[in-house]
Protein chains: 2
Amino acid sequence: MSDTGLRVLVVDDEKAIRRYLRTSLTALGYEVLEAANGNEALQATMTDHPDILVLDLGLPDMDGVEVVRRIREWSNVPILILSVRDREDDKVVALDAGADDYLTKPFGIKELLARIRVAIRHHTPGQQDTVFEVEDLRVDLGKREVFVQGNRVALTPTEYDLIKVLVQHAGRVLTHSQLLRQVWGPAYENESHLLRVNISNLRRKIEPNPDQPRYILTEPGVGYRLRED
Amino acid sequence: MSDTGLRVLVVDDEKAIRRYLRTSLTALGYEVLEAANGNEALQATMTDHPDILVLDLGLPDMDGVEVVRRIREWSNVPILILSVRDREDDKVVALDAGADDYLTKPFGIKELLARIRVAIRHHTPGQQDTVFEVEDLRVDLGKREVFVQGNRVALTPTEYDLIKVLVQHAGRVLTHSQLLRQVWGPAYENESHLLRVNISNLRRKIEPNPDQPRYILTEPGVGYRLRED
DNA sequence: TTACTTTTTTGAGGAGTTTTCGATGAAGTC
DNA sequence: GACTTCATCGAAAACTCCTCAAAAAAGTAA
């Protein structure tokens, strides 16, 4: 099947369900990651940056809603709840905690897939919005490509993640810890040196004159901001 | 109830359901618009720009999915489907046509409201800018920017924190110790010299004539006040 | 597996800002 | 005139930011 390039993290303690979802999703071109409990889910979300989570509420080590809350402290990745609990209050609690959708087991695979498409459509804004431009800089989030004066620039994965977050909040100041949390994960919140080195490398690749940045502006004492017209 | 300022367009041919939703939603501070068929829905969406649609699929004049398609040609307003049809294919078709969620009747009102919150949360992600203005001074707390006569002024972190607190209480007197506590922390409550130096620096940056302050006014013996219109 | 390349992380130095603090003077009050 | 409050200046101390370079880790190909 066609490759969507999208990565789904399936979180469920039942191996059978994980395998079922893996088969269905892989057939449609998604890449599937798996986690069997809450801690694995949090870990995988931090390290692997999936494009969407399909999360069972009944996990052995912690409540699914708690997983949602923890992730929402630093990430907006779409979360689709899959649960046997059909009580209205359970749904309300999960949705208000930051989940994007709630599907009750047993579920139809076609509906699940349709709802995954909705969640992803939501989170990756339409093709128009995926291209960011200022002066001679062009960032195409859809194609994962960056151009300076029309020439493609090769960025490392970390550098790309960094500019992606900046583009998504173009014009706004992002604090050091916001950037560190979103690019490296919450554990790196205070590693500001890491951020500086990467900003420096990024500037060397995309700024006409890295000494006097035109695109990635330093907000002293606070963070960085990607210029916007 | 508190006013959300958000407008919901309820599309259903049954008057009883419209009235039920109007009551529930109004009680929560939403403004409710109504449409009884597809054409009214399209019309109302174009003219009234609601923040979200709650759309029944079974309409007398056209299929609900067709309404979704027509709206999606030009608008991304969140659309939440409400339908008696529980077949999986119906859901998939509606969601793929561009609907954001699908709820089967009979539905729980709390779940509906939670899903409305999700849809709105999704579609209005940007933090609104709280902008403060007096004469030639402009403080944008959302973007963390300060302008004087249209020119951006670079403030140090402390200076910005200071003006932020003043803006948040614009028009009111803030005592020395209030300002010191909020900007430097409770331990600095009595360091009024610190405050004076920073107010002075701030004035030099934002006042047309720092000798005769127009924005940051001294309240002798008490504290400082940011002027308000 | 091993060897090789690329990427990420850590370390150290220097330039530049920002914060803090003491000194001084002006203005108002008793 | 003595006392308090407020504003400003300038210098020391503390901190932030940037860069280069080396070490460690991760990825890739035979």
Side-chain angles (χ1 to χ4, degrees), chain A residues 31 44 46-49 144 146 153-166 173-185 187-225, chain B residues 144 146 153-164 166 173-180 182-185 187-225:
Chain A
E31 190 179 327
M46 282 194 276
T47 57
D48 300 335
H49 296 279
R144 233 172 187 280
V146 177
V153 177
L155 298 185
T156 69
T158 311
E159 285 161 4
Y160 180 81
D161 287 348
L162 191 49
I163 203 161
K164 184 175 85 181
V165 176
L166 287 166
V173 183
L174 284 157
T175 65
H176 299 128
S177 63
Q178 279 178 322
L179 285 165
L180 286 160
R181 274 197 307 244
Q182 295 208 33
V183 175
W184 281 268
Y188 288 73
E189 197 175 1
N190 299 309
E191 306 286 322
S192 40
H193 185 52
L194 217 47
L195 179 60
R196 292 212 180 89
V197 173
N198 277 276
I199 289 280
S200 174
N201 293 338
L202 201 44
R203 277 175 172 160
R204 184 143 22 83
K205 290 187 180 179
I206 68 172
E207 294 278 0
N209 177 8
D211 293 350
Q212 300 205 328
R214 305 180 61 77
Y215 310 132
I216 301 178
L217 310 179
T218 300
E219 297 286 339
V222 187
Y224 297 91
R225 172 214 311 263
Chain B
R144 208 175 196 288
V146 177
V153 177
L155 299 185
T156 70
T158 313
E159 285 159 5
Y160 181 82
D161 288 348
L162 191 50
I163 202 162
K164 185 174 84 180
L166 288 166
V173 184
L174 283 157
T175 66
H176 298 131
S177 62
Q178 278 179 321
L179 285 164
L180 285 160
Q182 294 211 43
V183 176
W184 280 268
Y188 288 72
E189 197 175 0
N190 300 308
E191 307 284 324
S192 40
H193 183 53
L194 223 45
L195 180 59
R196 293 214 177 87
V197 172
N198 277 276
I199 289 281
S200 172
N201 293 338
L202 200 44
R203 278 174 172 160
R204 183 145 23 82
K205 289 187 180 180
I206 67 172
E207 294 279 0
N209 177 9
D211 293 350
Q212 301 205 330
R214 304 179 62 76
Y215 310 132
I216 302 178
L217 310 179
T218 301
E219 298 285 340
V222 188
Y224 297 91
R225 177 163 63 95

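Computed from heavy atoms alone, side chains included, the values below leave out hydrogens, waters and symmetry copies. Every chain is numbered from 1, with letters handed out A, B, ... down the list of sequences.
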Whether each nucleotide of nucleotides 17-30 of chain C has a protein heavy atom under 4.0 Å at its base (B), only at its sugar-phosphate (S) or at neither (-) is summarised, 5' to 3', as -SSBBBB-------
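With hydrogens and angles left out, the side-chain atoms of T218(B) and R203(B) include a donor and acceptor closer than 3.5 Å.
Put simply, the side chain of Y224(A) reaches to within 4.5 Å of the side chain of I199(A), judged on heavy atoms. Y215(B) places none of its side-chain heavy atoms less than 4.5 Å from the side chain of L166(B). In this structure, L162(A) and L195(A) have side chains that are in contact, with non-hydrogen atoms separated by less than 4.5 Å. Considering only heavy atoms from C-beta on, Y160(B) stays 4.5 Å or farther from E219(A) through its side chain.
Backbone-only contact: T218(A) has heavy atoms under 4.0 Å from sugar-phosphate atoms and none from a base. No engagement by Y160(A) is indicated, since no non-hydrogen atom pair under 4.0 Å with the nucleic acid exists.
Remark: R181(A) is not positioned above the aromatic ring of Y188(A), lacking an NZ or CZ atom under 6.0 angstrom from the ring centre and at most 45 degrees off the axis.
The distance from atom CG of N190(A) to atom P of dT10(C) is 13 Å, rounded to the nearest whole Å. Taking atom CG on L180(A) and atom C1' on dT8(C), their separation rounds to 14 Å, with Å as the unit. Remark: P of dT4(D) and NE2 of H176(B) are 16 Å apart, rounded to the nearest angstrom. One interatomic measurement links the two molecules: CG of L202(A) to C1' of dT19(D), which rounds to 15 Å at whole-angstrom precision. Computed from coordinates, the R203(B) CZ to dT8(D) C1' distance equals 12 Å when rounded to whole Å. Protein atom CD1 of I216(A) is 15 Å distant from nucleotide atom C1' of dC17(D), rounded to whole Å. Computed from coordinates, the I199(B) CD1 to dA7(D) P distance equals 8 Å when rounded to whole Å. Note: CD (E219(A)) to C1' (dG16(C)) measures 17 Å, nearest angstrom.
One N or O on the side chain of K205(A) and one on the backbone of A154(A) form a donor-acceptor pair closer than 3.5 Å.
Within a 6.0 Å sphere centred on CZ of R214(B), other residues, nucleotides and ligands contribute 12 heavy atoms or fewer.
The pair D161(A)-R144(A) counts as a salt bridge, with a side-chain nitrogen and a carboxylate oxygen less than 4.0 angstrom apart.
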Identify all pairs in which a protein N or O lies below 3.5 Å from an N or O of nucleotides 11-15 of chain D, and state each distance.
none

